[in-house]
Amino acid sequence: PDQFQLRVEVELQSASSAVASKRATLGLITSAGMRAEGRDSFYQEPRAVSANRGDDLVEHLLDTDGDLRRGLLASNKRSEIGFLGTHNKYFTMLSRPSNDLARATLAEAKWMALFDLQWALESNGAKDSFRDFMVEGVLALTTPSQGASSSVEFECYYGPKSERWLDQDDPFIPVLQQVQQEDLGFFATIAKVILGFLDFLHGVVGNWGVAIIILTLCVRSLLFPLNRRLQTSMARHATKMKRDQPKIDAIKKKYENDPKRLRQEQARIFQEEGAMPPIGGCLPVFLQIPVFFGLFSALRVSFDLRQEPFFGWIKDLSQPDQLMRKIGRAH
């Protein structure tokens, strides 16, 4: 009760010598039917996912325009498979081998697109009706000797993409972290810091909407010195350019038929009058880009914002604002 995990144990017994020490292949379907959860066009879902131990994540997205309907995610020919399953924007269906025999016998992780007949009938077409994934682990087993038995054990986590429901030493924590790392993208480090600070603010104010407002004000305050420096530099440069504009207009008229000499004279005036563009004038802008991308990634995939209300018409902070859409419908 109140848990998102379960354990699956497959036991083999050899009832006779005829089946003892034989090769056996079983398919363990770890997940199926993971529908899209959000409405974010920037986040494609669902996704089939797997990773060999110590390797980067391997993902496959549904391609409704292509003909590829099944494929291989991972194989233990390189190294043991760490986990496999599916995930959408806010939830995961993941399985991992939990004993040595299971890790040794999990030979492959495969995916297959599932056809949605009801959707095909409702949409009058089958082109985009492969809407779900099934992910299967292929177990290459050897039956034990007569009268003996052997078992392989798998742990499964079917729940939110959040660590708050897991114990600190739970083996699924690094698995979830690897999946979340892929969600947050290139600026995952900054996004994790922002999410941690957002969680702290929520603990103080008790409302995720207010916490986001305070977070935004804090980010803007931290970036204010950079913005102020950029604005001051550009204002000084604009003042100097305005002061030197008559000289520039004069040499433009004088050397209108000699572009090379015109560029040389313009450079000389800029240098003499100190009107050269500020060095590193765009640097503050580039320094802010990772912060805002990290902020966007953090708020886009945070499970904590799912179905969390703010006030009035804002019933779900994870969804786009619906006010303008409602106004448009009214008109």
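The chain is numbered in sequence order, starting from 1.
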Practice item. Give the intermediate values and the outcome of side-chain contact (heavy atoms from CB on, under 4.5 Å) for residues L215 and V219. Key: CA-CA 6 Å; L215 172 67; V219 171; 4.2 Å; yes
Revision key, fill the gap. So CG of D56 and CD of Q178: to nearest 0.5 Å the spacing works out to 7.0 Å
Check your understanding: Taking all atoms of both residues into account, what is the closest heavy-atom pair of S151 and L101, and its distance?
Key -> O-CD2, 3.3 Å
Exercise for review: Output every pair passing ring pair (Phe, Tyr, Trp, His ring centres under 6.0 Å) with a member in residues 177-196, not counting sequence neighbours, ordered by first then second residue.
Suggested key: F187-F293
Check your understanding: Is the shortest heavy-atom distance from the side chain of L26 to the side chain of T105 under 4.5 Å?
Key -> no
Review point. With sequence neighbours left out, what residues match E108 under salt bridge (charged side-chain N to carboxylate O under 4.0 Å, His left out)?
Key: K110
**Study point:** Set of salt bridge (charged side-chain N to carboxylate O under 4.0 Å, His left out) partners for E9, sequence neighbours left out
**Key:** none
Exercise for review: Look up atom CD1 in I214 and atom OG in S221, then write down how far apart they are to the nearest 0.5 Å.
Suggested key: 11.5 Å
Review point. Members other than L114 in its cluster, when Ile, Leu, Val, Met, Phe, Trp, Tyr link by side-chain heavy atoms under 4.5 Å?
Key: I29, M112, M134
Review point. Taking all atoms of both residues into account, what is the closest heavy-atom pair of P144 and S149, and its distance?
Key: CG-CA, 3.7 Å
Exercise for review: Start with the C-alpha gap between H60 and F133, add the side-chain angles, then the distance that decides, and say whether side-chain contact (heavy atoms from CB on, under 4.5 Å) holds.
Suggested key: CA-CA 10 Å; H60 188 83; F133 271 119; 3.9 Å; yes
**Study point:** R23: salt bridge (charged side-chain N to carboxylate O under 4.0 Å, His left out) partners, not counting sequence neighbours
**Key:** none
**Study point:** Within one Ile-Leu-Val-Met-Phe-Trp-Tyr cluster: V204 and L198, side-chain cutoff 4.5 Å
**Key:** yes
Review point. For V193, which fellow cluster members are found when Ile, Leu, Val, Met, Phe, Trp and Tyr are connected by side-chain heavy-atom distances below 4.5 angstrom, either directly or through intermediates?
Key: none
Practice item. Rounded to the nearest 0.5 Å, what's the gap from CD1 on I173 to CG on D167? Could you check? Key: 7.5 Å
Practice item. Report yes if some heavy atom in the side chain of D55 is under 4.5 Å from a heavy atom in the side chain of S79; otherwise report no. Key: yes
**Study point:** Pairs where residues 208-225 contributes a residue and the test salt bridge (Lys or Arg N to Asp or Glu O under 4.0 Å) is met, not counting sequence neighbours
**Key:** none
**Study point:** Single-linkage hydrophobic cluster I213~L201, side-chain heavy atoms < 4.5 angstrom
**Key:** yes
Practice item. Could you check Y158 against S95 for side-chain contact (heavy atoms from CB on, under 4.5 Å), going step by step and ending with a plain yes or no? Key: CA-CA 9 Å; Y158 298 152; S95 301; 4.0 Å; yes
**Study point:** Co-membership, hydrophobic cluster, residues L217 and L299, 4.5 Å side-chain
**Key:** yes
Practice item. Any pair with a residue in residues 24-33 that passes salt bridge (Lys or Arg N to Asp or Glu O under 4.0 Å), sequence neighbours left out, goes on the list, sorted by first then second residue, please. Key: none
Check your understanding: Are I212 and F200 linked, directly or through other ILVMFWY residues, by side chains that come within less than 4.5 angstrom of each other?
Key -> yes
Point to revise | Sidechain N-carboxylate O distance under 4.0 Å for E80, R53 | key: yes
Check your understanding: If we only count heavy atoms from C-beta on, is the Y157 to L166 side-chain gap below 4.5 Å?
Key -> yes
Review point. Does the side chain of S98 pick up a donor-acceptor pair with the side chain of E153 at under 3.5 Å?
Key: yes
**Study point:** Side chains of L73 and I81 in contact at under 4.5 Å (non-hydrogen atoms)
**Key:** no
Check your understanding: Could you walk me through whether R306 and K89 pass the side-chain contact (heavy atoms from CB on, under 4.5 Å) check?
Key -> CA-CA 10 Å; R306 178 180 179 268; K89 190 173 182 179; over 6 Å; no
Check your understanding: Between N76 and L106, which heavy-atom pair has the shortest distance, and what is it?
Key -> ND2-O, 2.9 Å
Revision key, fill the gap. Across all chains, not counting sequence neighbours, the salt bridge (charged side-chain N to carboxylate O under 4.0 Å, His left out) partners of E308 are none
Exercise for review: For S75 and K77, indicate whether the former's side chain and the latter's backbone hold a donor-acceptor pair under 3.5 Å.
Suggested key: yes
Check your understanding: Considering only heavy atoms from C-beta outward, does the side chain of L84 approach that of W111 to under 4.5 Å?
Key -> no
Study note, to complete from the structure: Besides V138, the hydrophobic cluster formed by Ile, Leu, Val, Met, Phe, Trp and Tyr side chains linked at under 4.5 Å, directly or via other members, contains none
Review point. Taking T86 for the side chain and A48 for the main chain, is one N or O donor matched with an acceptor at less than 3.5 Å?
Key: no
Revision key, fill the gap. Note: I190 and P290 closest approach over all heavy atoms is CD1-CB, 3.6 Å
Check your understanding: Under 3.5 Å, is there a donor-acceptor pair between the side chain of T143 and the main chain of K22?
Key -> yes
**Study point:** Spacing of CG belonging to L295 relative to CZ belonging to F197, to within rounding of 0.5 Å
**Key:** 11.5 Å
Review point. Is the closest side-chain heavy-atom distance between F303 and R164 below 4.5 Å?
Key: no
Check your understanding: According to the salt bridge (Lys or Arg N to Asp or Glu O under 4.0 Å) rule, which pairs have a member within residues 178-194, sequence neighbours left out?
Key -> K161-D183
Check your understanding: Considering only heavy atoms from C-beta outward, does the side chain of R47 approach that of V179 to under 4.5 Å?
Key -> no
Exercise for review: Return the minimal non-hydrogen interatomic distance between F172 and Q5, and the atom names on each side.
Suggested key: CD1-NE2, 3.5 Å
Review point. Roughly how far, to the nearest 0.5 Å, is CZ of F292 from CD1 of I194?
Key: 9.5 Å
Point to revise | Test item: N99 side-chain N/O and V152 main-chain N/O as donor-acceptor pair under 3.5 Å | key: no
Check your understanding: Is the shortest heavy-atom distance from the side chain of T30 to the side chain of F154 under 4.5 Å?
Key -> no
Review point. Between the main-chain N or O of F91 and the side-chain N or O of N88, is there a donor-acceptor pair closer than 3.5 Å?
Key: yes
Practice item. Please collect all side-chain hydrogen bond (donor to acceptor under 3.5 Å, both in side chains) contacts where either partner lies in residues 200-218, sequence neighbours excluded, each pair once. Key: H202-W208
**Study point:** Gap between atom CG of L12 and atom OG of S150 - 0.5 Å precision
**Key:** 4.5 Å
Point to revise | Closest non-hydrogen atom pair, A107 against A140 | key: CB-CB, 4.2 Å
